[in-house]
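Here's the structure, in structure tokens; my notes come after.
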Number of protein chains: 2
Amino acid sequence: MVQGHDPTLGVPVSTANSLTADELGSAAQRERRQRILDATYALAREGGFEAVQMRAVAEEAEVALGTLYRYFPSKIHLLVSALAREFERSEAAFREVEIPGETAAERVIWVMKGTTRGLQGDPKLTEALTRAFMFADASVAQEIHTVGMLLTSMLTRAMRPEGSPGDADPADLTDLTDEDVAIARVIGDVWLSALVAWVTGRSTAAQTGAHLETAVRLLLRD
Amino acid sequence: MVQGHDPTLGVPVSTANSLTADELGSAAQRERRQRILDATYALAREGGFEAVQMRAVAEEAEVALGTLYRYFPSKIHLLVSALAREFERSEAAFREVEIPGETAAERVIWVMKGTTRGLQGDPKLTEALTRAFMFADASVAQEIHTVGMLLTSMLTRAMRPEGSPGDADPADLTDLTDEDVAIARVIGDVWLSALVAWVTGRSTAAQTGAHLETAVRLLLRD
DNA sequence: GCCAGTATAGGAACACGTTCTAGTCGCGCG
DNA sequence: CGCGCGACTAGAACGTGTTCCTATACTGGC
């Protein structure tokens, strides 16, 4: 089963999706949603996946349990949505800086290492978000797709020479070859696997970084 | 979080590992372990991850729930152990055949596709095993390591020219360069990500195969 | 064959994700 | 103003993974 590609929002998406910020009518509702995500973030940061308990999130966000479930249909949706919000921030931040490096490989490594370092500074949080991402099933496809797009966007932007067209819109991949996109996806895969290995204590931060760098150099030999 | 189990065990088990076949004294115990894994396999095959319920496994295997937990300290351990057993069978089967293909890339693709096809023939089973693998935390490191070794072994064997030394022992990687091993690991990463995407309904079998093939060709340009 | 100690059976109890029910609040509309 | 309706609150209830407890079956040492 494949999900449709970019329904580009606006259309009432079929089943049990998380409520996005734009779908919420009142300011009070948008603020409730923010409070919930903030509570999720705070709990995850302190105690990781297992500390993000739905009752605890509801209490911290000062909403009833039922309300929490109205906004996010499951713990996984909740955590992946929190991850998406972080990625949006991260992606926006990268959009503001010059990415250093002569070659595509150097620039990609710079971006990946920066992102990874950010995540490794908050191990519990990263554990929670990664576990959720890995455990997600098809019902979370929408949210996952958002995250995937952001990641691919960051990578392909790093692969492009600095200041090339298409920088503004993260979804604009027009001047990239199929091979570029394929490479970006493979790097994303490796990154995810490395993250999982790190999160589950099967490799150290240093190993993760080294593995990632190796993979990028194998893929982007200029 | 799975913490240390009660230490009243006859055999000194390091932390909270699954009991391996060799650690079990009596034939009756080894047979119990097999029954448990068989039951797990059967339930997973029929109904996937959620159908593998500990009470159901215990009943099907005709052991008490407490006994099940003595053999496998969690559902995740149980499923990853089942996965390891399958991989052992798969790896052994591959060891018996000539791997066709002129180049390393062709041989690796042949192996990956064969394995993937096998998994896709049993979607529910694959879903259960993959979800467990992805959800595993550090306490399952031992079992996960086993699986990782088997996968790397299959891949590096395919990368070697046919009939080269080291074929007998899956752990013997002496005649491979560091780069070879790194490539095998990257391919393993991509395979895992692709499997997750397929299992969670985010990509089709065909897309999974194509992505894998692209990745292998990017990495093994002969 | 008997004893001590361990493994197993059987099942209650607990934790947390999820669902459901009843009641309350706020608000636009006749 | 009173009504209806959707969103919210509070909390009970349920399912499944996990733990715990007690009685029984087994096994190795004497």
Side-chain angles (χ1 to χ4, degrees), chain A residues 15-16 18-19 23-33 35-36 39-40 43-44 47-80 128 131-132 135-137 139-140, chain B residues 1-13 16 18-19 23-36 39-40 43-44 47-81 128 131-132 135-137 139-140:
Chain A
T15 50
S18 313
L19 271 47
E23 290 168 4
L24 290 168
S26 79
Q29 284 178 319
R30 275 190 296 279
E31 207 240 314
R32 239 181 232 112
R33 193 188 125 98
R35 279 210 315 275
I36 292 173
T40 304
L43 287 167
F49 187 85
E50 70 169 22
V52 181
Q53 301 188 356
M54 299 306 267
R55 289 173 179 87
V57 172
E59 189 176 354
E60 176 109 357
E62 295 180 293
V63 298
L65 190 55
T67 305
L68 173 53
Y69 272 95
R70 249 179 53 78
Y71 281 70
F72 300 95
S74 78
K75 173 170 173 172
I76 301 294
H77 284 82
L78 175 60
L79 279 165
V80 175
R131 301 276 287 282
F135 203 63
D137 68 2
S139 75
V140 202
Chain B
M1 176 180 45
V2 186
Q3 87 299 22
H5 217 237
D6 100 329
T8 52
L9 227 43
V11 191
V13 180
S18 313
L19 270 46
E23 289 167 0
L24 291 168
S26 79
Q29 285 178 319
R30 274 192 297 278
E31 208 238 316
R32 239 181 232 113
R33 193 188 125 98
Q34 284 301 320
R35 280 211 313 276
I36 292 174
T40 303
L43 287 166
F49 186 85
E50 68 170 21
V52 181
Q53 302 187 356
M54 299 306 267
R55 289 173 180 83
V57 172
E59 189 175 354
E60 176 108 359
E62 295 182 291
V63 299
L65 191 54
T67 305
L68 173 52
Y69 273 95
R70 248 178 53 78
Y71 280 72
F72 300 95
S74 80
K75 174 170 174 172
I76 301 294
H77 284 82
L78 174 59
L79 279 165
V80 175
S81 297
R131 300 279 286 282
F135 203 63
D137 67 1
S139 75
V140 204

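Throughout, a chain's letter reflects where its sequence line sits, starting with A, and its residues are numbered from 1.
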Let me know, please, whether B:E50 or B:G66 comes out on the 5' side of the other along DNA chain D by nearest nucleotide.
B:E50

Taking only the side-chain nitrogens and oxygens of [X], find out if one of them lies under 4.0 Å from OP1 or OP2 of [N].
X: B:Y71; N: C:dT8; answer: yes
X: A:Q29; N: D:dC8; answer: yes
X: B:T67; N: C:dA9; answer: yes

Would you indicate what [X] reaches in the nucleic acid, counting non-hydrogen atoms under 4.0 angstrom: base, sugar-phosphate, or nothing?
X: A:V57; result: nothing
X: B:E62; result: sugar-phosphate
X: A:R32; result: sugar-phosphate

Along DNA chain C (nearest heavy atom to each residue), the more 5'-positioned of B:L65 and B:R35
B:R35

[N] [atom2] sits how many Å from [X] [atom1], rounded?
X: B:Y69; N: C:dA7; atom1: OH; atom2: C1'; result: 18 Å
X: B:H77; N: D:dT19; atom1: NE2; atom2: P; result: 11 Å
X: A:E59; N: D:dC8; atom1: CD; atom2: C1'; result: 17 Å
X: A:R70; N: D:dG6; atom1: CZ; atom2: P; result: 11 Å
X: B:F72; N: C:dT8; atom1: CZ; atom2: P; result: 12 Å
X: A:L68; N: D:dG11; atom1: CG; atom2: P; result: 17 Å
X: B:I76; N: D:dT18; atom1: CD1; atom2: C1'; result: 13 Å
X: B:F135; N: D:dG17; atom1: CZ; atom2: P; result: 12 Å

How are the rings of A:F135 and B:F135 set relative to one another: parallel (under 30°), tilted (30 to 60°) or perpendicular (over 60°)?
tilted

Specify the closest pair of heavy atoms between [X] and [Y], including all atoms of both residues, with the distance to one decimal.
X: A:M54; Y: A:L68; value: O-CD2, 3.3 Å
X: B:A51; Y: B:L43; value: CB-O, 3.8 Å
X: B:A39; Y: B:V57; value: CB-O, 3.9 Å

Any donor-acceptor pair under 3.5 Å linking the side chain of A:Q53 with the backbone of A:E50?
yes

Nucleotide nearest [X] when distance is taken to its side chain, options [options]:
X: A:Q53; options: C:dC16, C:dA12, D:dG17; value: C:dC16
X: B:K75; options: D:dT18, D:dA13, D:dT9; value: D:dT18
X: B:S74; options: D:dT18, C:dT19, C:dG17; value: D:dT18

For the base of D:dT18, is there a side-chain donor-acceptor partner from B:R55 under 3.5 Å away?
yes

